[in-house]
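Just so it is clear: chains get the letters A, B, ... in the order the sequence lines come, proteins before strands, and each one is counted from 1. Just the heavy atoms: all of them, side chains too, but no hydrogens, waters or symmetry mates, feed the values below.
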Amino acid sequence: MEHEPITANRLSRETMKRVVGEKVGIIAGIILLCLFFAWLSPNFLNTSNLFNITRQQSIYVLLALGMTQIIIIGNIDLSVGSCVALCSVSCALFLREVNNAFLAILLTLAVGAFLGFINGAAVAYFKMPPYIVTLATATAFKGVAMLITGGYPVNVDNTAISSIGRDNVFGNIPTPFIIVLAFVAVTWVILNRTKLGRHIYAVGGNREAAHLAGVNVNGVITYVHVMSGLLCGAAAIILVGRLATGAPNTGTGYEGQAISAAVIGGAVFGMGTGTAVGALLGALFIGILNNGMTLLRLSTYWQDVVRGCVIFLVVLFSVISTSVKGNKNILKSTFSWVKGKLGKR
Amino acid sequence: MSEFILEIKQICKRFPGVIALENMSFNVKYGEIHAIVGENGAGKSTLMKILSGAYSANEGSFVFDGNTYTILKPKQAIDIGINITNQELSQVPELTIAGNIFLGDEKAWLNEKEMVDRTKVLLDEVGLHCKPDTKIKELSIGTRQLVEVLKATHKSPKLLIMDEPTSSLSSHEISLLFNYIKKLKEKGCTILYISHKLDEILEISDTVTVLRDGKHVATLPTADCTQEKLIFLMVNRNFSEIFPEVSPLPANSREILRVNVVTRGKTVNNCSFYLRSGEVFGFTGLIGAGRTELMRILFGVDKKDAGEIFVNGKKVSIHSPKEAMKVGMGFVTEDRRKSGFIPMMSVRDNITLPSLRKLATAKVFTHPKKEGKIVEKYIKRFSIKTPSVFQYVMNLSGGNQQKVILSKWMLADVKILIMDEPTRGIDVNSKREIYNLINEFSKLGMGVILVSSEINEIIGLCHRTAVMCEGKITGEVNREDFEYEKILKLAFERGDKSNGA
């Protein structure tokens, strides 16, 4: 093989190739989806509608960021929804007690991080299976949220918190979306430019090899769950801001949304792949799909069917493209994959 | 009908970069106990896997009981009467003995009583006094291995292949097994017996076939054999040109590692040795002798029950690979794919992984560009064949993957490099390159521990070697006294059998 020497130019070229290359599918998907809905519904390309999508999806982007990192290391978190519920009632209760937005935000983030720590410690140090652990904590977190509120929503009257959820900045860009972009940027830096990030990918790619290369595997696993909990806390704050209430029954099904967004964004279980930008794009893709279907007055039952099928197909394609090694053309690899499956008969 | 139950005809089997079997041909008579011997990598297991349907041959065929076969599926092999007892136990611990013996062979409606009764008969025949409804997990490892043999024999196969059946048996259990094998022979069952233990082969078999480097060397009656003769047939080759010249230890060489009576359960038993700077110290022995286990303890992967480790004269306690790296150790593992590298990570990221702390600003922020330039140097120095530093390591060939792993430890600036079977499964040319690198490391003053089952590698590369058998170090040999037979004999020196060597 010819060896090309490394230059700064080449490095940035390779980085671009990798960053864009892995996202080509999802970016093309978003564009196609937008064209499709713009064609069918005149209201879709309206700026207020598009910004509405970003506002709606803000919390899901945050959850997807956490879930992507969890999927990178080969785990799963089913407690995300309950974690958001508990964080949002905590946030509302803190505000009722102290009525200081700054303090409430810090405390809510701390609650989220602590809940994540419970999951992470159980998985990393007690070697408990993540499915079961987070299923158990999901039930318990929800129970605690119900317990401390008596099952009733807690109303919030704090302008600072409400502005986080409802206001716009720089003209008409929703504030929550700006916050979300900041989180995406920070996560990107951690994943791509720090030792910790490299270790996260290493643990996901081959836990044993990472351990033997001196990586603190348990520490990395715990960190990732804590980070996911913290992002749940951030999502809860935005949610409380938008609704001006902390309700113990919010968050139902959020884990499904987060997993779908992460997977559509390119995270693959047990492969050590997934990116911050992927999580953002995945959540936006789902948001556009939901919004478009609603504009087209598709019944919610049909919406569920379509969403389910889309996720199924995305995972199928990712299986195909990884099982047919070295073949980058998706059509070609699909063809040879199908041929291989039939050939085995 | 011919006198042969099995005629192997010109079988070839190739794996990427390796020729496992080359024009293999020999015959096995009806009703005999036919032993197959050879070094690790001689092709014994590959041949058996072809006969039992786990692999298919690239070329050639075999005649079994009058019918010719080229490709066989595992189920089909059992149907025509070929059964194999595996070296690795493949049992379900939660099921009973009876449940395991009949696993995969049950009727739609379980007839528990019939299975238990038939199991009872089998157990009596071997001489095991345990109940058929005992769960497998409650049995000792030796009993489990005997149950594995029963699983293979309950359908009365015409040909029974036994792959290292005594590897975890006590001497009492071995005598039970041998009696059972003789009973099977009386019933007309033909047995292919694969073992490293030459004394056992001389005791039990009628005929011996010797394999070497995937080729058939000889088939001869056991009565004409001695251990010395078998060893000579197994080895006999010229290896001087493959290995670099080993230079004598420099005058300033000093002790950098001392291991004192390290013990872990039964696998590692009171092991002591030392390593000097600039030295290549070998560890050889049979598979399962406890070499890998000892190395895992040194590197902090597994805990030790007792013993002390000194690095540069100072006592150290190592509880994790991270701590082992802090005192300057590196570990090239036996199973490259499983634990050597991160497959979906680039060459660059794999090489810099243990050194990120050193390369990062404030120990936190990485510099992909700087890392790329450093890795570039290693690619050149070790002539790693890769299109760029960005290539995923899984896309490289075995030899180049190994060179990535070596670069990783060179960059981490290790002083003690443990290499466990570093040339397993890679082609001859890459092997030679790895040998040269090992030689180069020692010239740089690094201490290298080379674990290898291939005694030739040990003889070709090491200044000194330890030989292990059943968890103990059975001997230490200096380069001046290297002799193949001597080392091999130490590898067979088992504690519980005095006629072992």
Side-chain angles (χ1 to χ4, degrees), chain A residues 1-19 21-22 72-74 189-220 266-268 270-274 322 325-328 344, chain B residues 296 299-301 320-326 330-333 335-346 348-350 352-357 359-360 363-369 371-373 375-376 379-380 383-395 400 405 408-409 412:
Chain A
M1 263 177 277
E2 197 53 40
H3 186 77
E4 191 184 339
I6 186 168
T7 57
N9 191 3
R10 174 167 155 77
L11 182 93
S12 49
R13 206 171 68 224
E14 284 283 347
T15 314
M16 276 310 288
K17 213 159 75 185
R18 191 154 283 194
V19 169
E22 283 165 5
I72 289 174
I73 62 163
V189 169
I190 292 176
L191 285 180
N192 294 289
R193 287 290 183 270
T194 68
K195 189 181 82 172
L196 177 63
R198 197 71 69 72
H199 284 184
I200 291 172
Y201 283 115
V203 168
N206 186 341
R207 210 167 274 205
E208 202 179 332
H211 178 57
L212 290 172
V215 173
N216 178 355
V217 174
N218 288 342
V220 168
V268 185
M271 294 290 277
T273 57
T322 49
K325 217 170 44 177
N327 199 340
K328 288 190 181 108
K344 272 184 198 158
Chain B
R296 284 171 65 91
F299 200 62
V301 188
S320 69
K322 200 174 170 180
E323 289 176 8
M325 281 165 54
K326 269 192 193 143
F331 189 19
V332 179
T333 55
D335 192 336
R336 198 166 48 238
R337 288 190 168 276
K338 193 163 148 261
S339 55
F341 56 85
I342 323 274
M344 294 274 281
M345 254 195 176
S346 65
R348 177 192 69 197
D349 294 1
N350 266 287
T352 55
L353 188 60
S355 316
L356 279 181
R357 206 181 143 83
L359 299 173
K363 293 173 183 170
V364 174
F365 295 100
T366 53
H367 295 280
K369 220 178 277 179
E371 288 172 32
K373 287 207 172 115
V375 168
E376 192 79 5
I379 289 179
K380 233 175 247 157
S383 52
I384 301 172
K385 288 197 190 68
T386 171
S388 78
V389 298
F390 306 103
Q391 179 68 275
Y392 285 148
V393 174
M394 69 174 186
N395 296 333
N400 284 302
I405 296 171
K408 169 171 96 176
W409 293 119

Approximate separation, where rounding is to 0.5 Å, of A:H211 NE2 and B:K322 NZ: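 These two atoms lie 11.5 Å from each other.
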
Straight-line distance of B:D335 CG to A:E208 CD, nearest 0.5 Å: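 Going from CG on B:D335 over to CD on A:E208, the span is 8.0 Å.
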
If you look at every heavy atom in [X] and [Y], which pair is closest and at what distance?
X: B:P343; Y: A:G205; value: CD-O, 3.8 Å
X: A:R193; Y: B:P368; value: NH1-CG, 3.3 Å
X: B:T366; Y: A:K195; value: CG2-N, 3.5 Å
X: B:F341; Y: A:A209; value: O-CB, 3.6 Å

Main-chain N/O of B:F365 paired with A:T194 side-chain donor or acceptor, under 3.5 Å: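 Checking the backbone N and O of B:F365 against the side chain of A:T194, no donor-acceptor pair under 3.5 Å is found.
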
Top of B:K408, B:K326, B:E371, B:K363 for chain A proximity - count of heavy-atom pairs under 4.5 angstrom: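 Among the listed options, the one with the most contacts to chain A is B:E371.
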
Contacting moiety of B:R296, where chain A heavy atoms sit under 4.5 Å: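 Contact with chain A involves the side chain of B:R296 alone.
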
Side chains of A:R198 and B:T352 in contact at under 4.5 Å (non-hydrogen atoms):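 In contact.
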
Passing option when A:N206 is tested against B:N350, B:V393, B:I342 for side chain to side chain contact (heavy atoms under 4.5 Å, CB included):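 Testing A:N206 for a side chain to side chain contact (heavy atoms under 4.5 Å, CB included) against B:N350, B:V393, B:I342 leaves exactly one candidate, B:I342.
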
